[in-house]
Amino acid sequence: MAKEITPRSQDYSQWYLDIVRKAGLADNSAVRGCMVIKPYGFAIWEKMQQVLDSEFKRTNHVNAYFPLFIPKSFLSREAQHVEGFAKECAVVTHHRLKADPSGNGLIVDPDAKLEEELIVRPTSETIIWNTYKDWIQSYRDLPVLINQWANVVRWEMRTRPFLRTAEFLWQEGHTAHATREEAIAEARMIHDIYADFAENWMGMPVIKGIKTENERFAGAEDTYTIEALMQDGKSLQAGTSHFLGQNFAKAFDVTFLNDSNTQEHVWATSWGVSTRLIGGLIMTHSDDEGLVLPPKLAPLQVVIIPVPKPDAEINEVAEKLKKELESKGISVKYDTDEKSRPGFKYAEYEMKGVPVRVAIGKRDLEKGHAEVARRDTREKNFIPLEGLGAQIETLLDEIQNNLLLKSLRFRQENTHRADDIDTLKSIVDGRGGFVSAHWDGTVETELKIKEMTKATIRCIPLDQKAEEGKCVLTGNPSKGRVVFAKAY
RNA sequence: CGGGAUGUAGCGCAGCCCGGUAGCGCACCUGUUUUGGGAACAGGGGGUCCCAGGUUCGAAUCCUGGUAUCCCGACCA
């Protein structure tokens with residue numbers, strides 16, 4: 001029994017915080033709203049980075065790095081962009097401290113005030129487009145396909161580890177193109193990469209769609225989003241890819257000469273996923289016993305536990321199995337710590353979401369088998385030592401598939417249709433989930449529905465079927481259903 | 001940024017009302033016995049009681065001011 005994790009049924013938020021804490025993913029820090037990502041949590045992020053980074057490179061992107069600070073004036077160049085971010089910026093006003101003349105400690109030196117304040121980047125469009133201006137002259141300079149791995153700061157009023165922190169880690173891609181079509185194709189391609197990553201690596205099914213005017217990125221013409229349904233019936237925006245049109249090119253005066261010698265503004269995209277994905281990963285699979293990780297992203301895939309403690313005979317079998325698994329590219333730990341007993345270790349590794357646990361004791365050796373437990377279903381089986389490595393390899397694939405199937409089933413069971421506002425409200429107020437409903441396409445209606453139900457339009461699904469209908473609120477004509485849900 | 005609460009050992013808390021040598025559980029260290037689902041016993045270490053001022057012979061406790069965090073709202077990847 002997991003004695004320290006609050007059950008989901010009792011308090012979902014507390015459960016989430018318990019998992020983050022007890023699985024050793026992150027700690028609160030001395031800084032409000034900022035967390036310390038601990039080695040185990042960071043290892044998951046590193047795995048995510050590896051996969052995404054190689055996908056970006058496969059699609060011809062390169063990495064670069066731009067400054068943490070942005071001159072205040074840059075932010076105001078693009079009108080909607082300022083509006084979207086101004087309220088949550090950390091600002092640097094001085095560059096020096098000095099001893100407090102009236103006692104101990106330090107004060108900000110008033111003589112060290114900056115000419116122009118610097119904003120700690122909430123996102124890098126402005127500093128990057130200011131730079132692109134110098135890089136782009138001709139259609140031959142295009143496209144520019146750059147990604148950066150960075151931290152950003154958004155001064156949020158309320159924070160939760162991974163899901164919303166004042167500082168977070170992410171990647172942000174910023175691309176420049178000669179044509180509208182090419183930029184849109186780029187934004188869509190990245191959208192596909194994000195969706196594939198969510199499903200095939202995280203085992204987290206997502207709805208691919210477009211944001212409504214009200215929900216889209218400040219400064220974008222279109223925002224493509226992936227939305228995942230969490231266990232508590234809320235939706236998590238897991239990644240976005242924006243078609244920025246010529247907004248930033250115009251704001252920063254980035255033009256190029258096309259092949260017929262005319263000046264044009266560049267077309268842009270930007271796209272990002274953040275450490276928020278880790279929050280999504282937790283809330284998609286984990287249970288009351290702790291974290292559950294899909295094998296493809298688990299820092300440790302298999303743990304071998306000697307029962308009750310290591311000895312020469314067990315060590316030999318365990319080490320051999322470890323080598324065999326490692327030769328298949330599987331990460332393995334043989335836990336020879338003699339201070340804690342097997343039961344403690346079982347609970348510990350379940351808490352940490354290690355996909356497969358192998359227990360080997362004297363009795364097992366006599367019978368020529370080992371006890372293999374899978375974290376996702378918590379099933380245990382005795383499997384012959386002969387061929388055990390291959391069995392485990394298969395089992396890891398099975399777990400990966402099972403987690404996706406399970407989440408797909410959950411989403412299916414928690415996706416409903418609503419044809420009137422009362423139904424919409426009762427679903428949202430009850431178990432939550434995705435609600436597919438008609439909407440008349442106006443911001444006013446969306447806001448009114450939000451006010452009444454707390455649900456927002458998560459997206460207009462890309463695979464939206466043309467379907468004549470009436471808006472759930474106004475009864476005005478609608479051409480297709482959109483997805484409502486409460487959001488994180 | 002509005003409403004409410006809380007800061008005492010690494011973590012979780014009691015003590016405060018009614019001022020008098022700072023405690024409990026977990027964790028940690030040492031030892032012994034244990035060991036197939038979170039071991040037991042014995043001994044031990046660890047504290048600017050959020051900060052500053054005040055009242056007092058004496059403050060974790062009372063008073064004033066600050067500050068931080070958490071919860072509920074509004075705002076948001």
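For clarity, every value in this text was computed on a predicted model and none was experimentally measured. Chain letters run A, B, ... following the sequence lines, proteins first, then strands; residues in each count from 1.
As judged by a 4.0 angstrom heavy-atom cut-off over every strand, E338(A) is placed among residues making no nucleic acid contact. Counting any heavy atom pair closer than 4.0 Å across all strands shown, F168(A) reaches a base atom. Residue contacts for T225(A): at a heavy-atom cut-off of 4.0 Å it reaches no nucleic acid atom on any strand shown. If you check every strand for non-hydrogen atoms under 4.0 Å, K362(A) touches a base.
In the interface, the side chain of E348(A) is paired with the base of rG38(B) through a donor and an acceptor atom under 3.5 Å apart. Evaluation of atom-type donor-acceptor distances gives no pair under 3.5 Å for the side chain of E289(A) against the base of rG38(B).
The side-chain tip of R341(A) does not point at the ring of F344(A) from less than 6.0 angstrom away and within 45° of straight on. Remark: K322(A) is not positioned above the aromatic ring of Y334(A), lacking an NZ or CZ atom under 6.0 angstrom from the ring centre and at most 45 degrees off the axis.
If you check rU55(B) for Watson-Crick or wobble pairing at under 3.5 angstrom, you find it has no partner at all. If you check rC1(B) for Watson-Crick or wobble pairing at under 3.5 angstrom, you find it paired to rG73(B). The partner of rA14(B) cannot be assigned: no Watson-Crick or G-U wobble pair with both contacts below 3.5 Å exists in any strand. Taking a pair to require two hydrogen-bonding distances under 3.5 Å in either a Watson-Crick or a G-U wobble arrangement, rU35(B) remains unpaired. Figure legend. rA42(B) is base-paired to rU30(B); pairs are counted as Watson-Crick or G-U wobble with both atom distances under 3.5 Å. Base pairing analysis places rU61(B) opposite nothing; no Watson-Crick or G-U wobble pair with both distances below 3.5 Å involves it. Across all strands shown, rA68(B) forms a Watson-Crick or G-U wobble pair, both distances under 3.5 Å, with rU6(B).
Rounding to whole angstrom units, CG of residue D364(A) and C1' of rG36(B) are separated by 8 Å. Rounded to a whole Å, the CZ atom of R158(A) is 14 Å from the P atom of rC76(B). The CD atom of E156(A) sits 15 Å away from the P atom of rA74(B) (whole-angstrom rounding). Note: CG (N28(A)) to C1' (rC50(B)) measures 17 Å, nearest angstrom. The interatomic distance linking D337(A) (CG) with rG38(B) (C1') rounds to 14 Å, in whole Å. We find that NZ of K339(A) is positioned 17 Å from C1' of rG38(B), with the value rounded to whole Å. M35(A) places its CE atom 16 Å from the P atom of rU69(B), with the value rounded to the nearest Å. Atom pair L17(A):CG and rG12(B):P shows a separation of 12 Å (rounding to whole Å applied).
Across rG45(B) and rG36(B), the matching P atoms stand 32 Å from one another, rounded to whole Å. If you take atom C1' in rU69(B) and the same atom in rG12(B), they sit 16 Å apart, rounded to whole Å. For the C1' atom pair drawn from rU34(B) and rG15(B), the interatomic distance equals 37 Å after rounding to whole Å. The same atom, P, is picked in rA27(B) and in rA39(B); the two are 9 Å apart, to the nearest Å. On the C1' atoms, rU55(B) is 11 Å away from rG19(B), given to the nearest whole Å. For the C1' atoms, the distance from rG53(B) to rA59(B) is 13 Å, rounded to whole Å. If you take atom C1' in rC72(B) and the same atom in rC41(B), they sit 47 Å apart, rounded to whole Å. With both ends at atom C1', the span from rC24(B) to rG66(B) equals 32 Å, rounded to whole Å.
Looking at the side chain of E88(A), the nearest of the listed nucleotides rG38(B), rG37(B), rC76(B) is rC76(B). In the set rG37(B), rC76(B), rC11(B), the nucleotide with an atom closest to the side chain of R357(A) is rG37(B). If you check rG37(B), rG36(B), rC75(B) against the side chain of K87(A), the one that comes closest is rC75(B). Closest contact between the side chain of R21(A) and the listed nucleotides rA74(B), rC11(B), rG38(B) involves rC11(B). For E350(A), the side-chain atoms get nearest to rG37(B) when compared with the rest of rG37(B), rA74(B), rC75(B).
Residues K57(A) and D53(A) are paired through a salt bridge, judged by an N-O separation under 4.0 Å between the basic side chain and the carboxylate. Here D335(A) does not pair with R357(A) in a salt bridge; the nearest charged N to carboxylate O distance is not below 4.0 Å. Looking at D337(A) and K339(A), no side-chain N of the basic residue comes within less than 4.0 Å of a carboxylate O on the acidic one, giving no salt bridge.
In the model, T175(A) has a side-chain atom that pairs as donor or acceptor with a side-chain atom of T269(A) under 3.5 Å.
Listed pair R341(A) / rU34(B) fails the phosphate criterion, with no side-chain N or O lying under 4.0 Å from OP1 or OP2.
When each of V307(A) and L163(A) is assigned the nucleotide of RNA chain B with its nearest heavy atom, V307(A) is the one assigned upstream, toward the 5' end. Between K380(A) and R154(A), the residue anchored closer to the 5' end of RNA chain B is K380(A), taking for each the nucleotide with the nearest heavy atom.
No donor-acceptor pair closer than 3.5 Å links the side chain of S124(A) to the backbone N or O of I127(A).
Taking the six-membered ring where the residue is Trp, H61(A) and W271(A) present perpendicular rings, their angle passing 60° and hence far from 30°.
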